[in-house]
Amino acid sequence: MNATLKLATIVGARPQFVKAAVVSRAIRLTGNGNGGRAVQETLIHTGQHYDASMSQVFFDQLGMEAPRYNLAIGSGNHGEQTGRMLSEVERVLLAEHPDWVLVYGDTNSTLAGALAAAKLNLPIAHVEAGLRDYNRKAPEEINRIVADHLSQLLFVPTETALRNLEAEGITDGVHLIGDVMQDALAEYTQTAQQKSTLLRDLGLVDRDYLLATIHRAENTDDHDRFAAILRALRALAENNDVVWPVHPRTRKHLSQFEAMPARVHLLGPASYLDMLALERSASIILTDSGGVQKEARWLNVPCVTLREETSWVETLQDGWNRLAGADTERILAAAAAAKAMQVDRATPVSRSGAAYHVANILARQY
Ligand code: UD1
């Protein structure tokens, strides 16, 4: 048995860089000091996200080492994109001979990484396992189910995720560890406050604007749903500034619609630090992103989710998050209720320790 555990980590999309940054750091800092094996990590970037604003800026801000491999897969239809990733990831895994493969979340990079590893009989660790929103039309749901059923180590962030896996008969190798994104948030909110100048540049002040993000295919690629969301944002902009960092996919679709009013501040994709600063100071957040729903909750910012369901059901408690779908009236009613909430944001976000659990549990695998 080799004294060092060789780990191949696969990332490719924006939220995965955030998760991998804190886990990779925990792996480096933990070493083999806790009685486990030393872990030597090789980072493989599929290239699913490739614009500097969607990828490189995260590596820079989160102090990540450059990936050893960048497979430069880029965009494409789901089958095409996943298929190209599958063959390229396999080629790298064959060359690297890792002992374990680590994947994150629910993107096509997660699916391809898990499938390539499983076909080579390599054990898989999945961070953010067990999430379900029980909507198989969303590509992420398919990716989660496959990755979970192929994994030997499943790192789950919530009790709900644990129960979801149990219901599918998955109980071995499951570890409830907390949320690595919470660790990232706890580590970087203060830096974000100090370094981000975005609010000042936009001439906006604390808690005096709404923050919106929309990127899911179910919203952007469906003309009627997207039109209904845009109607809601226009109505909200009559009385509020709305800051909207626009995902490249969304930008393409937005060009088919009439220009947004001046109080909707259309930005490019936000860097991690700018996004944390925008979230923390927003009066409310409207989003279809899973990660942003969680961040809103940790920062005590009321959230309106532009989806029919969420896999982060804990955020719905006490009205902190409200499901409004893509229905103009529901969005406006939810936004009004969210704005009326009394919130206390004084408490700083604490670490969950999840990243260190991942590092320590991996180091004990033989
Ligand atoms: C992916 C994930 C989603 C995650 C999101 C985070 C899947 C199925 N979806 O969605 O779960 O929440 O990442 O952002 O994996 N594009 C660019 N530049 C880029 C990247 C994308 O222009 O750097 C454009 C391309 O036109 C592309 C479109 O955005 O076709 C969609 O990109 P893609 O990677 O397919 O999915 P995301 O919507 O980003």
Side-chain angles (χ1 to χ4, degrees), residues 8-21 23 42-56 58-59 67-93 98 101-120 122 124-151 154-155 180-181 213-222 247-253 269 288-292 307 309-311:
T9 296
I10 295 159
V11 294
R14 193 162 59 166
Q16 292 168 329
F17 309 139
V18 177
K19 295 166 197 167
V23 172
T42 298
L43 192 62
I44 303 165
H45 185 335
T46 63
Q48 176 170 351
H49 286 171
Y50 43 90
D51 289 350
S53 60
M54 299 284 288
S55 176
Q56 188 59 46
F58 288 80
F59 282 77
R68 173 99 48 92
Y69 297 90
N70 190 325
L71 308 179
I73 300 297
S75 306
N77 290 333
H78 285 272
E80 180 196 3
Q81 184 185 51
T82 312
R84 287 208 310 266
M85 286 178 192
L86 182 60
S87 82
E88 288 300 296
V89 170
E90 181 182 65
R91 186 177 57 76
V92 174
L93 295 180
V101 174
L102 176 60
V103 296
Y104 289 93
D106 57 15
T107 73
N108 288 345
S109 297
T110 318
L111 173 67
L115 209 46
K119 292 284 180 184
L120 295 171
L122 295 169
I124 303 159
H126 184 202
V127 171
E128 217 171 74
L131 277 302
R132 297 288 182 270
D133 55 27
Y134 298 101
N135 170 11
R136 288 211 181 183
K137 285 194 184 144
E140 291 82 7
E141 184 79 350
I142 309 291
N143 297 343
R144 294 178 190 124
I145 293 169
V146 176
D148 284 344
H149 282 261
L150 295 177
S151 294
L154 298 100
F155 294 110
V180 297
M181 279 185 80
T213 82
I214 300 140
H215 77 281
R216 280 188 192 266
E218 70 200 41
N219 285 332
T220 60
D221 299 11
D222 179 322
H247 184 288
R249 168 210 289 290
T250 314
R251 176 78 64 178
K252 277 191 218 152
H253 292 281
D288 61 7
S289 153
V292 175
R307 302 194 66 209
E309 62 276 306
T310 179
S311 44

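These values consider heavy atoms only, across backbone and side chains, with no hydrogens, waters or symmetry-generated copies. For the single chain, residues carry numbers from 1 onward in sequence order.
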Would the distance check show the side chain of [X] and the main-chain N or O of [Y] forming a donor-acceptor pair, the cut-off being under 3.5 Å?
X: Ser151; Y: Leu154; answer: no
X: Gln48; Y: Ser109; answer: yes
X: Asn143; Y: Thr107; answer: yes
X: Ser53; Y: Pro269; answer: no
X: Asp288; Y: His215; answer: yes
X: Glu141; Y: Asp133; answer: yes

With a 4.0 Å cut-off on N to O distance, would you call [X] and [Y] a salt bridge?
X: Arg84; Y: Glu80; value: yes
X: Glu90; Y: Lys119; value: no
X: Glu218; Y: Arg307; value: yes

Stepwise side chain to side chain donor-acceptor pair (under 3.5 Å) test for His45 and Ser55: CA-CA 10 Å; His45 185 335; Ser55 176; 3.0 Å; yes
Would you check if there is a donor-acceptor pair between the side chains of Tyr50 and Ser75 at a distance under 3.5 Å?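 Yes, side-chain donor-acceptor contact under 3.5 Å.
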Any side-chain donor near an acceptor of the partner, Gln16 and Thr110, under 3.5 Å: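 Checked: Gln16/Thr110 side chains pair up, N/O donor to acceptor below 3.5 Å.
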[atom1] of [X] to [atom2] of [Y]: how many Å apart, nearest 0.5 Å?
X: Leu150; Y: Ile145; atom1: CG; atom2: CD1; answer: 11.5 Å
X: Thr42; Y: Leu102; atom1: OG1; atom2: CG; answer: 11.5 Å
X: Asn70; Y: Thr46; atom1: CG; atom2: OG1; answer: 8.0 Å
X: Ser311; Y: Glu140; atom1: OG; atom2: CD; answer: 9.0 Å
X: Ile44; Y: Arg68; atom1: CD1; atom2: CZ; answer: 9.0 Å
X: Asp222; Y: Arg216; atom1: CG; atom2: CZ; answer: 14.5 Å

Tell me every residue that passes side chain to side chain contact (heavy atoms under 4.5 Å, CB included) with Ala217, counting only those two or more places apart in sequence or in another chain.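 Only Asp221, Arg249 meet the side chain to side chain contact (heavy atoms under 4.5 Å, CB included) criterion with Ala217.
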Asp148: partners by side-chain hydrogen bond (donor to acceptor under 3.5 Å, both in side chains), with sequence neighbours left out: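 Testing Asp148 for side-chain hydrogen bond (donor to acceptor under 3.5 Å, both in side chains), a comparison that skips the adjacent residues, returns His126, Arg132.
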Minimum-distance pair of heavy atoms, taken over all atoms of [X] and [Y]:
X: Met85; Y: Asn108; value: SD-O, 3.7 Å
X: Thr213; Y: Ser289; value: OG1-CB, 4.1 Å
X: Leu71; Y: Arg91; value: CD2-NH2, 4.2 Å
X: Ala117; Y: Ile124; value: CB-CG1, 3.7 Å
X: His78; Y: Pro139; value: CE1-CB, 3.6 Å
X: Ala116; Y: Leu86; value: N-CD1, 3.4 Å

Any chance you could lay out the side chain to side chain contact (heavy atoms under 4.5 Å, CB included) test for His247 and Ile214, step after step, and finish with the verdict? CA-CA 7 Å; His247 184 288; Ile214 300 140; over 6 Å; no
Does [X] reach the side chain of [Y], with side-chain heavy atoms less than 4.5 Å apart?
X: Asp51; Y: Pro248; result: yes
X: Asp106; Y: Leu131; result: no
X: Tyr134; Y: Glu309; result: no

Would you call the rings of Phe59 and Phe17 parallel, tilted or perpendicular, where under 30° means parallel and over 60° means perpendicular?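 Judged by the thresholds at 30° and 60°, the geometry between Phe59 and Phe17 is tilted.
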Would Val101 and Leu93 count as a side chain to side chain contact (heavy atoms under 4.5 Å, CB included) if you check the C-alpha gap in whole Å, the side-chain angles of each, and the deciding distance to 0.1 Å? CA-CA 9 Å; Val101 174; Leu93 295 180; 4.1 Å; yes
Given side chain to side chain contact (heavy atoms under 4.5 Å, CB included), test Val180 with Phe155 step by step and report yes or no. CA-CA 10 Å; Val180 297; Phe155 294 110; over 6 Å; no
Please lay out, stage by stage, how Ile73 and Gln81 fare under the test side chain to side chain contact (heavy atoms under 4.5 Å, CB included). CA-CA 7 Å; Ile73 300 297; Gln81 184 185 51; 4.2 Å; yes
